[in-house]
Amino acid sequence: MDFETLVTYYERISSTKKRLEILDIFSQLFSYIRDNPDKTDEGDLEKIIYLTQGTLYAEISEQPKLGLAEKTLKDLLSSYYAVNSSTVDSIMKKTGDLGETAAKLAGSKKKQGQITAFMGIQKETLYIKDIYDRLTEIANISGTKSLDKKFDKLRWLLARSSPLSVKYLMRIINSSLRVGVSDATIMDGLAVAFLDDKNYRTLIEKAYNIYPDLGYIGKKIHKEGLNGLKSVQIQIGVPIRMMLASRLDYTQILDKIGGECVSEYKLDGERLQIHKSGENVGLFSRRLKNISEQYPDVQYVIANNISADKVILEGEAVAMDVMFETMLPFQVLTTRRRKYDIQEFVKKIPVCLFLFDLLYLEKNGEKIPVMNKSMLERRKYLEEITTESKELRVVMQKPIHTTDELVEFFNEARAKNCEGIMNKSVDPIESIYKAGNRGFLWIKLKSLEAGKMKDSIDVVPIGAYMGKGKRSNRYGAFLVAVFNEENEKYEFLTRVATGFSDDDLEEFWNMLQPTLSESRPTNVVCNTEKPDVWFNPSAVIEIVGDELTISNKADAGKFYNGQVREKGYSVRFPVFQRLRSDKNIIDCTKVDELVDFYQLQPSSEDLI
DNA sequence: AATGACTGCCC
DNA sequence: ATTCTGC
DNA sequence: GCAGAATGGGCAGTCATT
């Protein structure tokens with residue numbers, strides 16, 4: 001199948017938002033493959049699935065990534081189409097899409113003609129496998145001058161692609177097709193085209209959840225039909241899509257979860273899925289990356305303290321002080337996500353693994369299908385096979401029957417510097433491990449929304465980036481600042497981009513026009529960001545966040561008490577709340593208030 | 001050898 | 001990670 | 001409520017540039 005044909009499907013899908021129409025068109029693509037083996041190459045289905053996901057391989061694959069994204073692709077476009085980078089930028093700002101930008105440049109006939117004539121290239125048909133193979137080659141290039149080499153191969157593709165193909169080529173390389181098709185629709189499409197019934201999506205999803213590779217699943221369905229699907233089994237070493245939690249206001253949790261639940265601290269570390277087979281231990285991240293090498297200490301403790309032949313466990317790896325007395329913040333743990341000096345960091349930043357679930361168990365030759373057992377049953381098995389130590393614990397649980405108890409436990413968790421609590425259904429039938437599912441069997445509580453436990457900060461917009469995709473022609477992200485009374489300047493704190501409704505964004509676009517500034521205003525300090533527009537400070541908005549962080553990027557708080565510091569303060573998970581038109585800019589949060597806020601955050605002591 | 005821009009992946 | 005929106 | 005697509009801070013690693 002040629003790439004141009006595929007792109008035509010994408011283009012048709014782009015023209016609608018209706019889910020059923022999208023599925024209809026997308027399943028036609030699969031049906032075409034089903035009905036035209038003569039016109040399609042072996043492997044087309046699999047490749048189309050990956051390309052549609054904006055990637056070359058499944059997430060569980062350990063193949064190299066392209067290593068190219070927006071900034072680099074913009075460079076490529078300006079070099080290939082022989083225009084200034086400012087030209088590329090201005091088209092980007094207008095279209096809000098790298099693909100559209102590339103297509104516009106490719107469609108400018110004059111330049112296209114010049115370039116192809118100069119290079120002596122004939123237009124030729126590019127097949128999906130050609131594109132895919134080229135991209136794979138690009139992904140495998142590394143080392144000195146690798147970027148030049150990658151660009152060479154990309155130029156080869158650009159020279160042979162229509163503007164429309166260029167559009168989707170760029171989007172694929174930039175990891176997002178942005179047409180309204182993602183995993184769920186791909187599975188629906190497979191069900192409709194190859195199994196003749198959308199209801200089979202449930203079965204497909206079941207297979208995908210335990211073998212998270214839609215290319216593989218698609219191929220399997222294509223070749224072997226329903227039987228192929230049913231042959232997919234849990235395998236030690238193949239990660240299972242993780243069960244996720246919903247979020248609710250604390251007042252609604254007990255109702256939603258069935259009147260009672262069991263709650264756990266929500267620890268601020270890295271989620272690990274652990275596969276043990278004998279002495280072999282594999283570790284997988286939330287996005288199913290094999291990160292076994294990251295935590296040799298966890299591998300060791302699992303190998304020696306879990307009494308089961310084969311087992312799949314889940315837990316949270318949390319950084320600990322060397323005495324294993326206090327839990328350290330996530331920011332500390334992230335320094336352990338490394339390729340080099342691992343042993344050194346194992347000693348420097350030890351980790352405790354807090355287990356909280358069990359997905360597979362094989363003991364004394366007996367296979368126990370634990371995923372379909374209730375949460376409390378799984379928990380019982382987990383406790384049975386685990387020998388606890390300072391590096392390995394089973395996370396503490398507390399039965400909760402009333403909202404008062406829930407709030408009390410939440411406050412206890414926060415006092416111990418946890419993110420909040422996880423509330424888990426105790427339903428004897430329903431509370432299975434629902435792989436890949438963000439349902440209401442697990443409900444997280446990170447703040448008492450109505451009880452305003454969250455930090456709320458009043459900040460001043462000082463700049464913005466143009467939005468992309470559905471935010472094109474508006475600001476997509478704002479730079480916001482707090483006021484420093486010592487130097488009387490507005491100092492950059494964080495970007496904010498979430499929490500704005502479409503109406504908010506329109507309002508802000510209009511409201512801020514009169515405040516636009518050619519360059520960074522003199523009363524604004526912002527050393528790291530290069531926004532598309534600057535604003536003269538004029539408005540106050542309220543934002544919230546999970547916590548303040550110490551930041552290399554932010555300027556807020558670098559000048560305090562007459563001292564100059566290396567780092568400023570920023571915000572973890574910033575969210576826009578509302579415009580404070582009742583406030584003057586001078587009433588925004590001050591740097592010294594920020595410092596106070598930071599010091600009020602629960603200390604790292606007495607955590608366990 | 002140091003630095004900075006960029007990317008990918010944790011949250 | 002959080003959030004908004006169309007279906 | 002699902003599904004998809006906007007967008008956050010900040011870490012290590014890679015590569016180009018200085």
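Chain letters run A, B, ... following the sequence lines, proteins first, then strands; residues in each count from 1. Not measured: the values here are computed from a predicted model. Below, each value reflects all heavy atoms present in this structure, side chains not excepted, and no hydrogens, waters or symmetry copies.
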**Asked** Between Trp442(A) and Phe356(A), what is the ring plane arrangement, given parallel below 30°, perpendicular above 60°, and tilted in between?
**Response** perpendicular
**Request:** Can you measure from CZ (Arg241(A)) to CD1 (Ile60(A)) and round to the nearest 0.5 angstrom?
**Result:** 11.5 Å
**Message:** Tell me the interatomic distance from Glu62(A), atom CD, to dG8(B), atom C1', rounded to whole angstroms.
**Reply:** 15 Å
**Request:** Classify the nucleic acid contact of Thr185(A) as base, sugar-phosphate or nothing, counting any heavy atom under 4.0 Å across all strands shown.
**Result:** sugar-phosphate
**Prompt:** Do the side chains of Ser61(A) and Tyr50(A) get nearer than 4.5 Å, heavy atoms only?
**Reply:** no
**Item:** From Ile550(A) atom CD1 to Tyr598(A) atom OH, the distance as rounded to the nearest 0.5 Å
**Value:** 4.0 Å
**Request:** For the side chain of Asp268(A), starting at C-beta, report the closest nucleotide among dT2(C), dA5(D), dC11(B).
**Result:** dC11(B)
**Request:** Please report, rounded to the nearest Å, how far the P atom of dA3(D) is from the CE atom of Met187(A).
**Result:** 8 Å
**Asked** How long is the line joining CD1 of Ile22(A) and C1' of dT5(C), in whole Å?
**Response** 13 Å
**Asked** Between dA6(D) and Arg178(A), is there an OP1 or OP2 to side-chain N/O distance shorter than 4.0 Å?
**Response** yes
**Prompt:** Any side-chain heavy-atom pair from Thr52(A) and Tyr10(A) closer than 4.5 angstrom?
**Reply:** yes
**Message:** With a 3.5 Å cut-off and heavy atoms only, can you find an N or O donor on one side and an acceptor on the other between the side chain of Thr498(A) and the base of dT2(C)?
**Reply:** yes
**Request:** For nucleotides dA3(D) and dC11(B), find the distance between their C1' atoms and express it as a whole number of Å.
**Result:** 22 Å
**Asked** Under 3.5 Å, is there an N or O donor on one side and an acceptor on the other linking the side chain of Lys470(A) and the base of dA6(D)?
**Response** no
**Complete:** note: Lys18(A), atom NZ; dC7(C), atom P; distance rounded to Å ~ 6 Å
**Asked** For the pair made of CZ in Phe500(A) and P in dG8(D), what is the distance, rounded to whole Å?
**Response** 11 Å
**Asked** What is the nucleic acid contact for Arg201(A), judged by heavy atoms within less than 4.0 Å: base, sugar-phosphate only, or nothing?
**Response** sugar-phosphate
Side chains of residues 459-470 of chain A: which donor-acceptor pairs under 3.5 Å do they make with residues two or more places apart or in other chains?
unit_1    : atom_1 : unit_2    : atom_2 : d
Tyr465(A) : OH     : Glu529(A) : OE1    : 2.4
Tyr465(A) : OH     : Lys530(A) : N      : 3.3

**Message:** Tell me if the centroids of the rings in Phe500(A) and Phe478(A) come within less than 6.0 Å of each other.
**Reply:** yes
**Prompt:** What does nucleotides 11-18 of chain D look like as a protein-contact string, B for base, S for sugar-phosphate only, - for none, at under 4.0 angstrom between heavy atoms?
**Reply:** SSSSSS--
**Asked** Expressed in angstrom and rounded to an integer, what is the separation of Met242(A) atom CE from dC9(B) atom C1'?
**Response** 13 Å
**Complete:** When rounded to whole Å, the NZ to P distance for the pair Lys446(A) and dG8(D) reads 17 Å
**Message:** Whether Thr72(A) contacts dA5(B) is assessed here as follows: a side-chain N or O lying under 4.0 Å from the phosphate OP1 or OP2. Is that the case?
**Reply:** no
**Asked** Contacts to DNA chain B from residues 284-294 of chain A, heavy-atom cutoff under 4.0 Å, which residues?
**Response** Ser285(A), Arg286(A), Arg287(A), Lys289(A), Ile291(A)
**Message:** In this structure, how many angstroms lie between the C1' atom of dT7(B) and the CG atom of Leu73(A), rounded?
**Reply:** 11 Å
**Message:** Both Lys444(A) and Asp502(A) contact DNA chain C. Which one's nearest nucleotide lies toward the 5' end?
**Reply:** Lys444(A)
**Prompt:** Are any of the side-chain heavy atoms of Thr101(A) and Lys94(A) separated by less than 4.5 Å?
**Reply:** no
**Asked** Nearest of dA3(D), dA1(C), dG8(D) to any side-chain atom of Lys266(A)?
**Response** dA1(C)
**Item:** Atom pair CZ/CG of Arg12(A) and Asp24(A) - distance to nearest 0.5 Å
**Value:** 8.0 Å
**Asked** To the side chain of Phe330(A), which of dG10(D), dG8(D), dC11(B) is closest?
**Response** dC11(B)
**Message:** Is the distance between the ring centroids of Phe508(A) and Phe535(A) under 6.0 Å?
**Reply:** no
**Asked** If you pin Lys71(A) and Arg572(A) to their nearest nucleotides in DNA chain B, which one's is more 5'?
**Response** Lys71(A)
**Item:** Touch class at under 4.0 angstrom, heavy-atom based, for Val179(A) against every strand present
**Value:** sugar-phosphate
**Request:** Hey, which sits more toward the 5' end of DNA chain C by its nearest nucleotide, Asp504(A) or Arg19(A)?
**Result:** Asp504(A)
